[in-house]
Amino acid sequence: MVRFRHSVCCALFLLCTFGFALAQEKLDPAVESRIDALIKQMTLQEKAGQISQYDGISPQTAELVKNGGIGSLFNVLGAENTNAAQKIAIEQSRLKIPLLFGFDVIHGYRTVFPVPIGSASSFDSEMIEKSERVAAKEASAAGIKWAFAPMLDVARDPRWGRMVEGAGEDPYLGAIVGAARVRGFQGTNLADSQSVLACIKHFVAYGAVEGGRDYNTVDISEQTLREVYLPSFHAAIKAGAATLMAAFQDLNGIPASANHHTLTDILRVEWGFKGMTVSDYNSVNELTIHAIAHDHAEAAQLALTAGVDMSMADGLYGRSIPQLVESGKIPISVVDEAVRRVLRAKFKAGLFDNPYTDTKRAQSDILSPENLATARKMAQESIVLVKNENGLLPLDKGVKTIALIGPLVDDKANQLGSWVANGRAEDAVTPHEGIKAKLPNATILVSRGVDLDLQGPHYGSGATGAAPAPSTATGVSGEAATGPMSIDDAVSTAKKADVVLLFLGEPSNYTGEASSRSTLDLPGDQQKLLEAVADTGKPVVVVLESGRPLNILWASDHVQAILQAWYPGSQAGNAIADLLFGDASPSARMPITWPRTVGQIPVYYGHKNTGRPTSPDRWHTGYQFESKEPLFPFGYGLTYTTFKYSNIHVDTPSIGPSGVLRVSADIANDGKRDGTEVVQLYVRDRVAPTSRPVRELKGFTRVTLAPGQHKKVEFSVNANDLGSYDPSMKWIVPDGTYDVWVAPNAIEGEKAEFQVTK
Ligand code: BGC
C-alpha cells in the first residue's frame, strides 16, 4: 500500500511538474492575438501604467485607474471594495483592462493556518496543498486574485525573522512544499473563481542575508545559489507558478531587483519562465539606496531591463518609463514584453471574462466549519514532539487538576503568528480554551506568570480584535481564583496540580519581516518562570510557540516533555489539546536543524565535509567547549509510538546517469500506539569534482501504522536528481559510489550504497 502510494505520488509529482512545465511553454494563440491587439491600442503612458502596482485605493489611485495608470492594486480587501475599484477600470478607463488585486496570503486569509515553517514541518504535501486551496478560496471570495506567496527562501540562520515564512533549511523539502503550495493556490484552472495566481518569492537567496539581518547583503557562490537557493523556485515554476517576486537584497553585488543574471539568464533563458515578475515593495526605488542607480529613472531602467515586469508601490515605472523610451534609453519592445506578461496573467486569471467577485461568496466561503477543520488538521500535523520522557504524553483525559502556566495560555493574537492577512485574534482558540473544551470535568488552574517580554503584553502580529486575557488564574470547574501575575503565583499554582502545561515562546511580531534577533533566548522573564516551575518537581510539559528555533537547552534537560508548536493559527488551542490528550498523534518533523546555542549558527545538516578533522565525524567543524551536535537534527520528531527501521535494500545497485534509483526498507511500529512516521531518504555522493554535502534529502513519505504493523516503503529517485554542478557550473551526475540512508532524521538511519556508472 505504501509502496503503491509512494510510487503514485512520485508519478503524480512528475506528471504535474512536467505537465505544467509544458503548459508554461505553450502559449494560447487566441490569447496572444488579443494581447497583440491591446498593445497596439495602448499609449506609452497606458503601457507604463499597466506595469505599475499601487498599494490601496484612494482618490489618487482611483484617478490613476481611470486614466489607465494602474495595472494592479494590492491591500484592497472585500468583494465590495475590489468590485468598486474594478468598476472604475472596466467602465471608466479607455481600454477597460481589468485590475489584478494582490494580497499577502501567507498562511491563510481569514482562517489562519500554521505559519509556513509550521505547515512545512508536516512533511505532508497533500495537506499543505489542501490548506492553500482553502486560503485561495477565502482570498478569492474577498476579491483577491493574486497571492504574494509562497515564500520559497531557504533559511539556515534562525536569527533571520523571515525563517517563519518559509519551509526551512532544505532545498528538496523547499521544492516539494513550494510546488504543493503553488498547486493549492492555483488549482487546475487559474480562471476558476476559487483560484488565485501564486507569486513565488523572493527571487533569490534572500534567506542567505549576512548575519541573519533582514535586507542585508548576500554574497554566495554560483554553486550555492544553484544547489541551495534556486531549486525551490525551479520546482514551483515546473508546478505552474504564474508569477514571481524579486527580492530586496543584493546578490553578489547586484541587487535582486536589477539582477539580469537571475531574472533573465536563469529565469527566462534557462528555465523558459513565461509568467510575470513583480518587484518587492518599493525595491525598484531602493536601487538608488543600494546606490547602483543615480536617480529614479535609472532605477526603473535597470529593473525593467533586468527583467522586473511590474514595479510595486513606488510608482516609478509609471513616472519614468515614457521618458526612458522617448529618450531611447529603453527600447519599446522591452516595455511591450512586460505589458504582455501582465496582460497574459490577467487573461489566465479569467479577469477579462469575469472581472468582478460575487459578493455572496464571503458568507459561505470564509471561515466556514470545513475551512476551520482543515486548519485544525494542518495544525495537528505541524506541531513537533521533541521530548517525551517516560511517555508522559499523551496525558490522561481523566486528570483531576491541571495547571496552565505562561504568557501564551490565554493570548489570542499570538496564536496566529506573523503576517496574518485578514486573520483576527477573536477567531483564535487559545490553549486554555482548547483544553477547557477537551476536559469539561477537570479543574483547570491558570497563571500567566510573566509577560511575553519585558515590554509587556503583546498585541503584535497585525491581528485585529481581542487583546490577550488579563493575568488571572481561573478555576473553570466552578470556583474561580484570581491572583497576581508573578512567578510566585505560577509556582503556587503549579504545586496544586497533577501536571503542569507551560506555554512559552516569543511574541509573533518578533518574527517576520524586519524582525531579526541577535539572541534566541526566551524573551522577558520566561526562562526564570520555566526554571521556577520546573523546580516544583511536578511533571512539566513545555509547549513552545515561535517562528524560529529558540534556546531551549535548559528546558530540554529539565522538563519531561516538549512540543514545538510554531504558531498554529486560528485552531491553535484545539490542535494543541488534541495532541496533548491523544485525540491526534504528533507526526511533524523539524524542517530546520535546531541549534544548541546561537553561536552554532549557521548549522544545517547538509554541510560539506571538511579536510579536518580527518576522521569521519558528523559535525566536523565545531567550537571548543561546545558539542558539535545541534540540539535536534533536521527531520527529527517523535511520535507516541516507536518505529523500527530494517532491511534497507537497493533494488538498483548500479544505475546509469539516466536511470532510476530504487531503494526500500521495512518500517515497523514496535510501540504501543498508532502512529505516523515520516520516513526520509538521504543520499551522499562519496567523491565528486566539488565537495558534496554529507547528506542530501531526496525523498520522504508519511507512513501510518498500527502497533505491530510493518510495511515496506519504497523510494524512486531519478539518477539525474542525484547530480551536482561541476566547477564550470555544468550539471553532472558523477559516477562512483553513493551512500543512501532510509532514516527517521538527518543523522540516523539504515545505510546502504549504490553505484552510478557512466
Ligand atoms: C515583503 C513581501 C510582500 C510585500 C507586499 C514586502 O515588504 O518583502 O514579501 O509581499 O511587502 O506586502
Side-chain angles (χ1 to χ4, degrees), residues 27 31-55 60-74 85-86 88-102 146 197 242-246 257-258 260 263-264 268 273-279 283-285 287 295-349 351-352 355:
L27 300 173
V31 167
E32 295 303 305
S33 64
R34 285 180 74 183
I35 295 175
D36 287 338
L38 272 172
I39 291 178
K40 272 204 191 97
Q41 292 175 64
M42 291 170 95
T43 64
L44 186 51
Q45 195 60 56
E46 282 167 338
K47 288 176 182 175
Q50 195 54 220
I51 55 177
S52 297
Q53 182 187 52
Y54 282 79
D55 181 353
Q60 292 76 17
T61 50
E63 192 60 23
L64 275 171
V65 172
K66 200 163 130 189
N67 299 329
I70 291 186
S72 169
L73 285 173
F74 67 117
Q86 192 69 291
I88 304 174
I90 300 293
E91 294 183 4
Q92 299 184 45
S93 76
R94 194 176 74 87
L95 295 172
K96 309 185 185 331
I97 299 174
L99 291 167
L100 176 59
F101 294 97
W146 186 16
L197 308 182
T243 78
L244 171 145
M245 186 185 293
S257 301
H260 193 275
L263 287 168
T264 296
R268 302 288 183 196
F273 181 60
K274 298 273 189 301
M276 169 183 130
T277 58
V278 64
S279 76
S283 72
V284 177
N285 183 24
L287 296 177
D295 53 30
H296 291 156
E298 192 181 1
Q301 180 186 348
L302 285 172
L304 188 69
T305 53
V308 175
D309 297 327
M310 178 180 272
S311 80
M312 182 192 284
D314 52 24
L316 278 197
Y317 278 9
R319 286 203 297 280
S320 314
I321 281 175
Q323 284 153 319
L324 287 165
V325 173
E326 275 154 10
S327 63
K329 286 194 170 141
I330 298 183
I332 187 66
S333 57
V334 172
V335 180
D336 285 352
E337 190 52 35
V339 173
R340 173 177 299 281
R341 292 187 190 124
V342 172
L343 294 177
R344 196 183 283 144
K346 292 183 177 183
F347 274 107
K348 273 191 176 178
L351 287 169
F352 282 89

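Taking the side chain as every heavy atom from C-beta outward, E46 and I97 never approach each other to under 4.5 Å. In this structure the side chain of E298 never reaches within 4.5 angstrom of the side chain of L324, judged on heavy atoms. Between V334 and L304 there is a side-chain heavy-atom pair separated by less than 4.5 Å. Annotation: side chain of L100 is in contact with side chain of M276 (closest heavy-atom distance under 4.5 Å). Inter-residue side-chain proximity for I332 and L44 is flagged as met; some heavy-atom pair is nearer than 4.5 Å. Put simply, the side chain of P98 reaches to within 4.5 Å of the side chain of Q86, judged on heavy atoms.
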(message) As a quick check of understanding, evaluate side-chain contact (heavy atoms from CB on, under 4.5 Å) for D36 and R340, giving each step before the final call.
(response) CA-CA 8 Å; D36 287 338; R340 173 177 299 281; 2.5 Å; yes
(message) side-chain contact (heavy atoms from CB on, under 4.5 Å), that's the test. Do F352 and L38 meet it? Break it down for me.
(response) CA-CA 12 Å; F352 282 89; L38 272 172; 3.8 Å; yes
(message) T243 vs V278, test: side-chain contact (heavy atoms from CB on, under 4.5 Å). Steps then yes/no.
(response) CA-CA 8 Å; T243 78; V278 64; 5.6 Å; no
(message) Pair Q60, Y54 - check side-chain contact (heavy atoms from CB on, under 4.5 Å), show working.
(response) CA-CA 10 Å; Q60 292 76 17; Y54 282 79; over 6 Å; no
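The OG atom of S311 sits 8.0 Å away from the CD atom of Q53 when rounded to the nearest 0.5 Å. In this structure, the separation between CG on L316 and CD1 on I51 is 11.5 Å, given to the nearest 0.5 Å. Atom CD1 of residue I35 and atom CG of residue L343 lie 5.5 Å apart, to the nearest 0.5 angstrom. Here the straight-line distance linking atom CG of L73 with atom CG of L99 works out to 5.0 Å at 0.5 Å rounding. Here I88 contributes atom CD1 and K66 contributes atom NZ; the two are 8.5 Å apart, rounded to the nearest 0.5 Å. Put simply, CG on L95 and CD on Q50 are 9.0 Å apart, with the number rounded to the nearest 0.5 Å.
In summary, D309 and R268 engage in a salt bridge, as defined by a charged side-chain N under 4.0 Å from a carboxylate O.
Using modelled atom types and a 3.5 Å distance limit, the side chains of W146 and S72 yield no donor-acceptor pair.
Among all heavy-atom pairs drawn from V65 and A85, the shortest one is CG1-O, 4.1 Å. For S52 against G318, the heavy-atom pair with the smallest separation is OG-N, 3.2 Å. Heavy atoms only, all atoms of each residue included: A242 and F273 are closest at O-CZ, 3.7 Å.
In this structure a side-chain-to-backbone donor-acceptor pair under 3.5 Å is present from D314 to N285. In this structure, the side chain of T277 does not engage the main chain of L244 through any donor-acceptor pair within 3.5 Å.
Among residues at least two apart or in separate chains, side chain to side chain donor-acceptor pair (under 3.5 Å) pairs with a member in residues 322-337 are K47-D336. Judged as a ring-ring contact (aromatic ring centres under 6.0 Å, His included), not a single pair has a partner in residues 305-330 (not counting sequence neighbours).
The one candidate from K274, R344, R341 that meets the salt bridge (Lys or Arg N to Asp or Glu O under 4.0 Å) condition with E32 is R344.
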